[in-house]
Amino acid sequence: MANITQALGAEIVLPTTTGTATSFGEARIVRLVAIGVSATISVVSGQSGTGIGSFTMTANTTEYLQKEYTQCVFASNANVRGTKVGFTN
């Protein structure tokens, strides 16, 4: 049976600096969409926190990021949208 994505929050434009990084309301899974251009997604331990990891999203792609509740996310440009999601069967 296929998984169904459940939206758990409003979609937002990802912040572009560490100090404004978001946890998406302490989300465990975040759906990210890169619109039009590639972007680097960075994950930090909290706002202004230590870097944990990063990855590049190519233009016009969607990724699902699993993270710890307190970890925050920001992008290298304002062309990435994200929302807190969950999955059901």
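Excluded from the calculations below are hydrogen atoms, water molecules and symmetry mates; all remaining heavy atoms, backbone and side chain alike, are included.
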Inset, instruction - Check whether Val80 and Val43 end up in the same hydrophobic cluster, where Ile, Leu, Val, Met, Phe, Trp and Tyr are linked by side-chain heavy atoms less than 4.5 Å apart. - result: yes
Inset, instruction - Measure the OG1-CD1 distance between Thr83 and Ile29 for me, rounded to the nearest 0.5 Å. - result: 12.0 Å
Inset, instruction - Answer whether the closest heavy-atom distance between the side chains of Ile35 and Arg81 falls below 4.5 Å. - result: yes
Legend entry - Nearest heavy-atom neighbours spanning Gly49 and Thr18: N-CG2, 4.0 Å
Legend entry - In one Ile/Leu/Val/Met/Phe/Trp/Tyr side-chain cluster, 4.5 Å: Phe55, Leu14: yes
Legend entry - Side-chain heavy atoms of Val33 within contact of Thr62, under 4.5 Å: yes
Inset, instruction - Mind checking the CZ-CD spacing from Arg28 to Gln71? Nearest 0.5 Å is all I need. - result: 8.0 Å
Inset, instruction - Measure the OG-NZ distance between Ser23 and Lys67 for me, rounded to the nearest 0.5 Å. - result: 5.0 Å
Inset, instruction - Can you measure from CD1 (Ile4) to OG1 (Thr88) and round to the nearest 0.5 angstrom? - result: 4.5 Å
Legend entry - Heavy-atom closest contact (Met57 atom, Ala34 atom, distance): CE-N, 3.6 Å
Legend entry - Salt bridge flag under 4.0 Å for residues Glu63 and Arg31: no
Inset, instruction - May I ask you to test the Ile41-Leu32 pair for a side-chain heavy-atom distance under 4.5 Å? - result: yes
Inset, instruction - May I ask you to test the Phe87-Gln6 pair for a side-chain heavy-atom distance under 4.5 Å? - result: no
Legend entry - Min side-chain heavy-atom separation Val44-Cys72 under 4.5 Å: yes
Inset, instruction - Give a yes or no on whether the backbone of Thr40 and the side-chain of Thr56 come within a donor-acceptor separation of less than 3.5 Å. - result: no
Legend entry - Nearest non-hydrogen partners of Ala59 and Ser38, listed with the distance: N-OG, 3.4 Å
Inset, instruction - Apply side-chain contact (heavy atoms from CB on, under 4.5 Å) to Val85 and Leu8, showing your working. - result: CA-CA 5 Å; Val85 296; Leu8 300 175; 5.6 Å; no
Inset, instruction - Report yes if some heavy atom in the side chain of Leu65 is under 4.5 Å from a heavy atom in the side chain of Val73; otherwise report no. - result: yes
Legend entry - Asn60 side chain to Gly36 backbone, donor-acceptor under 3.5 Å: yes
